[in-house]
Amino acid sequence: MKESVHTLEFATIGDVLKKYRKQSNLSISQLARLTGVHKGVIAKIENGSTRRPGLKITMPLAKVLNIPTDKIVELYIEIDKRPEVLFGLLNEAIRLFNVPLACLLHNRNA
């Protein structure tokens, strides 16, 4: 059975990242080496000190942990539930992937 974010009970994005890191049998130090994200940053995300990490930090972690991009965005939507955060995520995603908004809208309507 495919696991859905809707069926999971997480308080933070860090809870999800920690779950996947442990499933991958990686320490925080190993994940830091593989992603280039400082281990202190990862620890703060996982322990809840940093509750809303940006996509610039989350995406390298998700890539190494094999968490699909759409699942990460869905987690932000499900956990945060704030329109201004979603707007910020969309802007950051456009910047990260260097895709004009018009192309995103065209592809969705095609």
Side-chain angles (χ1 to χ4, degrees):
M1 181 170 133
K2 187 176 177 183
E3 186 174 13
S4 169
V5 174
H6 300 287
T7 64
L8 302 176
E9 296 297 324
F10 295 108
T12 68
I13 300 291
D15 292 338
V16 176
L17 293 172
K18 185 175 185 177
K19 174 188 178 257
Y20 276 88
R21 179 180 61 78
K22 288 186 177 248
Q23 284 179 347
S24 298
N25 293 317
L26 292 173
S27 69
I28 290 177
S29 295
Q30 290 169 318
L31 184 58
R33 280 193 299 276
L34 292 170
T35 61
V37 176
H38 191 276
K39 66 182 179 179
V41 172
I42 297 170
K44 285 181 178 182
I45 292 169
E46 285 190 3
N47 73 24
S49 296
T50 302
R51 295 189 58 83
R52 295 181 186 101
L55 284 177
K56 189 174 184 179
I57 298 295
T58 307
M59 293 312 292
L61 299 171
K63 184 176 181 179
V64 168
L65 297 173
N66 296 314
I67 306 170
T69 302
D70 60 334
K71 181 173 261 193
I72 288 295
V73 172
E74 186 177 355
L75 290 168
Y76 275 101
I77 292 167
E78 291 293 314
I79 292 171
D80 233 0
K81 296 180 183 177
R82 291 183 353 176
E84 66 274 12
V85 172
L86 298 179
F87 181 73
L89 286 170
L90 178 59
N91 281 330
E92 193 169 347
I94 290 168
R95 184 184 57 74
L96 284 173
F97 297 110
N98 198 24
V99 177
L101 183 57
C103 290
L104 291 173
L105 293 174
H106 173 73
N107 290 338
R108 183 177 177 154
N109 294 327

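Residues take their numbers from the sequence shown, with the count starting at 1.
Taking CD1 of I67 as the reference point, atom CD1 of I13 lies at 9.0 Å (rounded to 0.5 Å). Taken from CD1 in I28 to NZ in K18, the straight-line distance is 7.5 Å, to the nearest 0.5 Å. Once rounded to the nearest 0.5 Å, the distance linking NZ of K22 with CG of L65 reads 12.5 Å.
Every side chain to side chain contact (heavy atoms under 4.5 Å, CB included) that T50 has, sequence neighbours left out, goes to K44, I45, P53. Every residue was checked against the side-chain hydrogen bond (donor to acceptor under 3.5 Å, both in side chains) condition with S24, not counting sequence neighbours, and none meets it.
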L17 and I42: side chain to side chain contact (heavy atoms under 4.5 Å, CB included), yes or no, with the steps? CA-CA 9 Å; L17 293 172; I42 297 170; over 6 Å; no
Name the atoms and distances for all side-chain donor-acceptor pairs under 3.5 Å in residues 29-36, with sequence neighbours left out.
{"unit_1": "Q30", "atom_1": "OE1", "unit_2": "S27", "atom_2": "N", "d": "2.7"}
{"unit_1": "Q30", "atom_1": "OE1", "unit_2": "S27", "atom_2": "OG", "d": "3.4"}
{"unit_1": "T35", "atom_1": "OG1", "unit_2": "L31", "atom_2": "O", "d": "2.8"}
{"unit_1": "T35", "atom_1": "OG1", "unit_2": "V37", "atom_2": "N", "d": "3.1"}

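Residue pairs meeting the side-chain hydrogen bond (donor to acceptor under 3.5 Å, both in side chains) criterion with at least one partner in residues 56-65, sequence neighbours excluded, are T58-Y76.
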